[in-house]
Amino acid sequence: MALGRCTLVGAGPGDPELLTLKALRAIQSATVLLVDDLVSDDIVAMAAPGARVIHVGKRGGCKSTPQSFIERLMIMAVREGEQVVRLKGGDPFIFGRGGEEVEHLAQAGIHVEVVNGITAGLAGLTSLGVPLTHRAHAQGVVFITGHAKPGSPGPDWRTLAATAHSARLTLVIYMGVSSAGSIQDELLSGLPPATPVVVVQNASLPLQRHAVGTLATLQRTIADNSLGSPSIIVVGDVLQGLAAAASSAQPALEKAA
């Protein structure tokens with residue numbers, strides 16, 4: 001039996017209209033789809049009627065399908081001649097374990113094609129009309145996880161804070177809501193307390209919500225607005241305009257109340 005094919009497809013942040021044409025073609029031609037939790041139902045519905053859809057949940061803080069089991073499923077399906085699509089939220093190569101899967105399949109003699117998707121850190125801020133970089137405010141951007149691998153010390157937030165301050169960088173933190181308190185404390189070692197922040201939950205989806213605050217109030221902003229996973233936390237001066245608009249709107253809301 002001839003080998004099938006395997007494609008890692010970035011489903012983007014959830015809005016089906018943000019899929020690339022290449023991603024759509026791959027989804028429609030798949031005979032087997034292994035789907036992450038964060039992929040929206042509307043995107044899964046684009047699969048061919050006869051395709052076998054296997055949900056392999058991967059969500060921070062929740063029970064997840066073991067990565068080794070997912071990789072065995074992929075290898076087995078390809079060897080059975082299937083057209084396999086591993087459908088991931090966001091981009092496969094940005095906190096999606098795509099690199100691990102490519103390596104494991106390569107060891108099994110299977111070539112993997114990767115189709116990029118729009119990552120939530122970009123889509124979430126764009127939906128608010130804010131750029132990740134700006135000549136007047138940010139010379140670069142850092143995508144970083146707030147959820148350390150078990151047994152790992154995680155990011156060096158103090159060093160990152162000092163670098164972000166001196167190099168004028170925007171910080172985009174994935175999977176950081178549960179550890180927002182410690183992240184806030186560590187970043188305050190090198191960034192001003194008044195540095196604006198925004199937390200965006202369910203980026204690009206109809207139920208998207210966000211809240212604006214400062215680095216000094218990050219944990220309280222999350223708690224006061226009941227924000228949870230999946231969310232991104234953005235820290236940096238590119239948010240100055242958004243923060244100013246939020247501040248000017250607050251007195252009007254209080255007056256109306």
Side-chain angles (χ1 to χ4, degrees), residues 1-123 143 145 147-152 174-175 202-205 229-230 232:
M1 179 183 293
L3 280 180
R5 296 182 58 190
C6 184
T7 309
L8 304 188
V9 176
D15 181 351
E17 293 189 352
L18 294 180
L19 280 175
T20 65
L21 292 174
K22 192 169 187 178
L24 177 60
R25 284 196 295 268
I27 293 168
Q28 291 174 335
S29 64
T31 59
V32 173
L33 291 96
L34 285 81
V35 182
D36 275 351
D37 268 355
L38 295 180
V39 177
S40 69
D41 292 340
D42 288 341
I43 291 176
V44 177
M46 294 176 174
R52 183 156 54 106
V53 177
I54 305 171
H55 292 276
V56 286
K58 304 293 285 185
R59 186 189 289 256
C62 300
K63 186 176 181 180
S64 297
T65 305
Q67 184 66 25
S68 59
F69 178 73
I70 294 172
E71 289 158 2
R72 288 199 300 272
L73 279 179
M74 295 165 71
I75 291 169
M76 181 175 65
V78 171
R79 286 176 173 168
E80 290 174 350
E82 304 283 3
Q83 304 299 305
V84 179
V85 163
R86 176 75 170 96
L87 195 54
K88 296 172 171 287
D91 184 276
F93 279 178
I94 299 182
F95 307 122
R97 298 195 181 182
E100 298 174 35
E101 292 173 355
V102 168
E103 290 170 3
H104 279 85
L105 269 72
Q107 291 170 6
I110 297 170
H111 171 74
V112 181
E113 183 179 4
V114 180
V115 179
N116 293 117
I118 295 176
T119 186
L122 173 60
F143 294 113
T145 177
H147 181 70
K149 181 180 178 181
S152 165
Y174 292 69
M175 299 169 283
N202 292 314
S204 87
L205 293 172
S229 178
I232 54 144

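In this structure, the side chains of R86 and I70 come closer than 4.5 Å at one or more pairs of heavy atoms. Put simply, the side chain of V84 does not reach to within 4.5 Å of the side chain of T7, judged on heavy atoms. Between E80 and V32, every side-chain heavy-atom pair lies at or beyond the 4.5 Å cut-off. In this structure, I27 and I43 have side chains that are in contact, with non-hydrogen atoms separated by less than 4.5 Å. L8 has its side chain within reach of E101: a pair of non-hydrogen atoms, C-beta onward, lies under 4.5 Å apart.
In plain terms, the two heavy atoms of T20 and N116 that are nearest each other are CG2-O, 3.9 Å. Closest non-hydrogen pair, A120 versus P13, comes out as CA-CB, 4.2 Å. The two residues T145 and H147 come nearest to each other via the heavy atoms OG1-N, 3.0 Å. Considering every non-hydrogen atom in both A51 and A47, the closest pair reads CB-CB, 4.3 Å. Minimum interatomic distance between G89 and V39 (heavy atoms only, all atoms of both residues): N-CG2, 3.7 Å. The shortest non-hydrogen separation linking M74 to C6 is CE-SG, 3.7 Å.
Between S40 atom OG and M46 atom CE the span is 7.5 Å, to the nearest 0.5 Å. Here the straight-line distance linking atom CG of L87 with atom CG of L19 works out to 8.0 Å at 0.5 Å rounding. Taking CG from L122 and CZ from F143, the interatomic distance works out to 6.5 Å, rounded to the nearest 0.5 Å.
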Evaluation steps, side chain to side chain donor-acceptor pair (under 3.5 Å), between E82 and T31: CA-CA 6 Å; E82 304 283 3; T31 59; 2.6 Å; yes
E71 and Q67: CA distance, side-chain angles, deciding distance, side chain to side chain donor-acceptor pair (under 3.5 Å) verdict: CA-CA 6 Å; E71 289 158 2; Q67 184 66 25; 3.2 Å; yes
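Considering only residues two or more places apart in sequence or on other chains, N202 meets the side-chain hydrogen bond (donor to acceptor under 3.5 Å, both in side chains) condition with none of them. Every residue meeting the ring-ring contact (aromatic ring centres under 6.0 Å, His included) condition with F95, not counting sequence neighbours, appears here in chain and number order: Y174. H55 pairs by the side-chain contact (heavy atoms from CB on, under 4.5 Å) definition with V35, V53, not counting sequence neighbours. In this view, A30 and L33, V85 satisfy the side-chain contact (heavy atoms from CB on, under 4.5 Å) rule, not counting sequence neighbours. With sequence neighbours excluded, the residues that form a salt bridge (charged side-chain N to carboxylate O under 4.0 Å, His left out) with E113 are R5, K22. Taking A108 as the reference, I75, R79, I110 meet the side-chain contact (heavy atoms from CB on, under 4.5 Å) condition, with sequence neighbours excluded.
Put simply, the side chain of D91 never gets that close to the backbone of I118: no donor and acceptor are under 3.5 Å apart. Listed for the D15 side chain is a donor-acceptor partner under 3.5 Å among the backbone atoms of E17.
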